[in-house]
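Single-structure report; data block below.
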Amino acid sequence: MSEEKISEGKTFAVQGGNSRRSGIRIMGQLIGLVKPLLPVMILAIVLGTVGYLCAIFLTILAGYGMMHILLEPVMEALGLSLGSSGAGMLFRMETQTLFIALVVMAVMRGILHYGEQYCNHFIAFKLLAIIRHKVFAALRKLCPAKLEGRDKGNLISVITSDIELLEVFYAHTISPIAIAVLTSLVMILFLGQILPAAAILALAGYLVVGAVIPLFFGSRGADKGMEFRNGFGDLNSFILDSLRGLDETIQYRQGEKRRKEMAERSDQLGEVQRGLNRLEASQRSVTNLMILLFSFAMLFLMIALRQEGNVDLTGMLVGTIAMMGSFGPVTALASLSNNLNQTLASGERVLSILEEEPKVEEVEGKASVSFTNAEADGVDFAYEEEQILKDYSIRIPKGKVVGIHGASGSGKSTLLKLLMRFWDVQGGQIMISGRDVRGINTSDLREMESYVTQETVLFHDSIANNIAIGKTGATREEIMEVAKKASIHDFIMTLPKGYDTEVGELGDTLSGGEKQRIGIARAFLHDATFILLDEPTSNLDSLNEGIILKSLKEGKGDKTVLLVSHRKSTMNLADVVYEMDNGRIS
C-alpha cells in the first residue's frame with residue numbers, strides 16, 4: 001500500500017446490523033431540523049386537519065341529506081321519527097342550508113389541501129437547501145483525511161439522490177402523521193357523542209390501520225430499504241468508474257465483461273426493488289382489508305344498538321358513515337411506509353455524514369503567526385497498520401529550497417500532507433515558526449502555504465477560472481502572469497478560446513503535463529510564503545521541467561520551497577537535498 005492511500009474504498013453507507021439506528025430515532029433527528037420552519041409546519045398541520053375534517057363531514061352531511069330528503073316524509077307519514085339524538089340535532093337543518101354547507105365544505109377542502117401541500121413543499125425545499133449546506137460543510141471538515149480513498153460514486157449518491165429523497169419525509173411524512181392523529185382524535189370525540197362503544201371501535205380501527213400495519217411492514221422492509229439505497233450507491237460508483245476507465249476498457253476489450261457485471265448489478269438491485277414492491281402490495285391489501293372489516297364492524301355494531309334501542313336511526317346512519325369516511329388520514333400513514341423505508345435509509349446515510357467526526361479538527365481563535373521556518377521533530381505516522389514515518393526529523397529554514405529525494409512510497413508525500421495538516425501526527429511534532437501546527441489557526445496555515453499535488457484536479461470550467469482558484473478575485477492580468485511563470489501561457493494562447501477554453505470534466509481535454517502546469521500556476525497565484533511541491537514535474541519532459549524549475553528559482557524571491565521528487569534532475573533546484581528511505585532521512 002502506498003502512502004497516498006489511506007482507506008480501502010470505504011463509504012458512508014450503513015450496512016445494517018447493530019450499528020443501525022432505529023427508524024424512530026432517524027425520524028426524530030430529521031424532525032429536529034424543522035425547528036427554523038416550525039410556524040410553517042404548524043400552519044400545514046392545521047390546514048391539513050381542517051381540510052380532512054371538511055372532507056369527512058362532507059360525506060356525513062351528504063348521507064344525512066339523502067336520508068333527510070328521501071326517508072323523512074315516509075317516516076312522518078307513518079308517525080315515526082328519525083330520532084332526536086345528539087347527531088340528529090347537530091345535522092337538523094333545512095335542505096337549502098344543507099346544500100350551501102356542502103358546497104362550502106367542498107370548496108374549502110380544495111383550498112385547505114392546496115395550502116397544506118404548499119406549506120409542506122415550501123418546508124421540504126427549504127430544508128433540503130439547509131441539509132445540502134450542512135452536508136457540504138461536513139464534507140469540507142472531513143476532507144481530506146476522511147474522504148481520500150472513499151467510494152466517490154456512493155458519496156455522490158448520498159449528496160444527490162439521498163438528499164432529494166428526504167423531500168418525501170418533509171413534504172409527505174411529518175405533517176400527515178400529525179394530521180392523522182388530530183383528525184382521528186376529533187372523530188373519536190365526535191363518535192363518542194353518539195355512543196362510547198362507537199368511539200372505542202373507531203380508536204381500534206385507527207390504531208390498526210395507521211400504526212400497527214405500518215410498523216409491522218416497516219420493520220420487515222427496513223433492511224431491504226437500506227440494502228436498496230446502498231446497492232443504488234454501489235451501482236452509481238460502478239458506472240462512474242466505468243465511464244472514467246472507458247479508454248482502458250476499449251483498449252483491453254473488457255467492454256463485454258463490464259457490461260455483464262453492470263447487468264448483474266442492475267438485476268440484483270431490481271430484485272431488491274421487486275421485494276420492496278411485493279411488500280408494498282401486501283401492505284396495501286392488508287390495509288384495505290382492515291378498513292373494510294372495521295367499517296362493517298361499525299355497521300353491525302350500529303344495527304345491533306339500533307335494535308336494542310340504544311341509538312336512533314340518525315345516529316346509526318351518521319356513525320356508520322363517519323367511520324367509513326374517516327380512514328383517509330390513517331390510510332395516508334399506512335401508505336407512508338411504502339416509501340418510508342427507503343427515505344429513512346437515505347436519512348441515515350445523510351445523518352452518518354453529518355455526524356462523522358473529522359480526523360483533524362479545524363483551529364480558530366489563536367494568535368496569528370507568520371512563516372519563519374518549518375520543522376518536523378521525531379514524527380511518527382502510519383496509515384492503518386502500515387508505518388510510513390518513524391522518528392522523522394527535518395528542518396526547513398526560511399528562504400531556502402529544500403529537496404527530499406526518494407522512491408515512491410518512502411513517505412515524501414505524507415510529510416507534505418502533515419505540514420499542510422491534512423492529518424495529525426501520531427508521535428512527535430510538526431512545527432511552523434516554532435509553533436505546533438495543531439495550535440495554529442487553520443485559515444492562517446492555508447494562507448501561508450501553497451501545495452501542488454502529484455495529480456492536479458481541474459474543475460469543469462475555463463482555464464482562467466481553474467487558475468483563479470489560487471486567489472479570490474484574481475484579475476486576468478494576474479492569471480496570465482502566473483501562467484507565464486508556469487510555462488503554460490503559450491499553450492493556452494494556441495487554443496481557440498484562449499483562457500476561456502473549457503477544460504472538460506476532470507480536465508480530460510488536457511494532458512497530464514498541462515494539468516500539472518495549471519496546478520503550479522495556481523500555487524504561484526496563491527503567493528504563499530511556504531510552497532510545498534509534490535512531484536511538480538513528474539508529467540513534464542526534460543525541457544519543460546527545466547523551464548518550470550527555472551521559473552521557480554527566479555520567481556520564489558524570499559519564499560521557502562519544499563520540493564519532493566523521485567527524479568534526481570528535479571533536485572538541481574534545491575539548496576540542500578535529503579534522501580528519504582522508508583520514512584527516514586539518510
Side-chain angles (χ1 to χ4, degrees), residues 23 48-49 51-64 66-67 83 85-87 91 109 172-173 176-222 276-341:
T49 302
Y52 263 118
L53 290 174
C54 283
I56 294 168
F57 281 96
L58 183 67
T59 305
I60 295 173
L61 279 176
Y64 174 78
M66 292 179 63
M67 183 185 70
S85 66
F91 291 102
R109 167 57 176 160
H172 307 290
T173 303
I177 291 174
I179 290 168
V181 171
L182 292 175
T183 305
S184 298
L185 181 61
V186 171
M187 293 309 299
I188 290 169
L189 294 174
F190 172 74
L191 289 168
Q193 296 297 310
I194 300 174
L195 205 68
I200 294 172
L201 181 60
L203 174 61
Y206 299 149
L207 287 175
V208 169
V209 174
V212 175
I213 293 176
L215 289 175
F216 173 75
F217 282 94
S219 64
R220 291 182 62 192
L276 288 170
N277 290 342
R278 286 192 293 269
L279 200 63
E280 177 182 344
S282 300
Q283 179 179 342
R284 189 179 297 114
S285 299
V286 173
T287 298
N288 291 336
L289 176 61
M290 288 297 105
I291 290 174
L292 286 174
L293 290 177
F294 278 102
S295 296
F296 282 120
M298 180 64 77
L299 174 62
F300 295 143
L301 174 65
M302 287 298 178
I303 291 174
L305 294 173
R306 168 64 177 162
Q307 291 174 343
E308 295 174 1
N310 293 325
V311 66
D312 56 32
L313 186 58
T314 298
M316 183 184 75
L317 180 65
V318 169
T320 303
I321 295 175
M323 183 66 174
M324 291 181 173
S326 61
F327 276 106
V330 290
T331 302
L333 290 189
S335 62
L336 279 180
S337 63
N338 298 335
N339 293 316
L340 195 56
N341 286 322

Pairwise side-chain contact, [X] with [Y], heavy-atom cut-off 4.5 Å (strictly under):
X: Glu280; Y: Asn277; value: yes
X: Ile188; Y: Tyr206; value: yes
X: Met324; Y: Phe294; value: no
X: Tyr52; Y: Val186; value: no
X: Met290; Y: Val212; value: no

Locate the shortest heavy-atom distance separating [X] from [Y]; write the atom from each residue and the value.
X: Leu279; Y: Phe217; answer: CD2-O, 3.7 Å
X: Pro214; Y: Gln283; answer: CA-NE2, 4.0 Å
X: Met316; Y: Val311; answer: N-CG2, 3.7 Å
X: Ala202; Y: Leu191; answer: CB-CD1, 3.5 Å
X: Gly319; Y: Met302; answer: CA-CE, 3.9 Å

**Request:** With Ile213 as reference, evaluate Val208, Leu207, Val330 under the side chain to side chain contact (heavy atoms under 4.5 Å, CB included) test and give the passing residue.
**Result:** Val208
**Asked** Is it true that a side-chain atom of Ser326 and a backbone atom of Met323 form a donor plus acceptor pair closer than 3.5 Å?
**Response** yes
State the [atom1]-[atom2] distance between [X] and [Y], to the nearest 0.5 angstrom.
X: Ile321; Y: Ile56; atom1: CD1; atom2: CD1; answer: 13.0 Å
X: Ile291; Y: Thr331; atom1: CD1; atom2: OG1; answer: 3.5 Å
X: Ile177; Y: Leu182; atom1: CD1; atom2: CG; answer: 12.0 Å
X: Leu53; Y: Ile179; atom1: CG; atom2: CD1; answer: 10.0 Å
X: Leu317; Y: Leu299; atom1: CG; atom2: CG; answer: 10.0 Å
X: Leu189; Y: Ser184; atom1: CG; atom2: OG; answer: 11.0 Å

**Prompt:** Which is it for Phe216 and Val286 under the side-chain contact (heavy atoms from CB on, under 4.5 Å) test, yes or no, and what are the steps along the way?
**Reply:** CA-CA 11 Å; Phe216 173 75; Val286 173; over 6 Å; no
**Message:** Let's go through Phe190 and Ile60 carefully: what are the C-alpha distance in whole Å and the side-chain angles of both, what is the deciding distance for side-chain contact (heavy atoms from CB on, under 4.5 Å) to 0.1 Å, and is it a yes or a no?
**Reply:** CA-CA 12 Å; Phe190 172 74; Ile60 295 173; 4.2 Å; yes
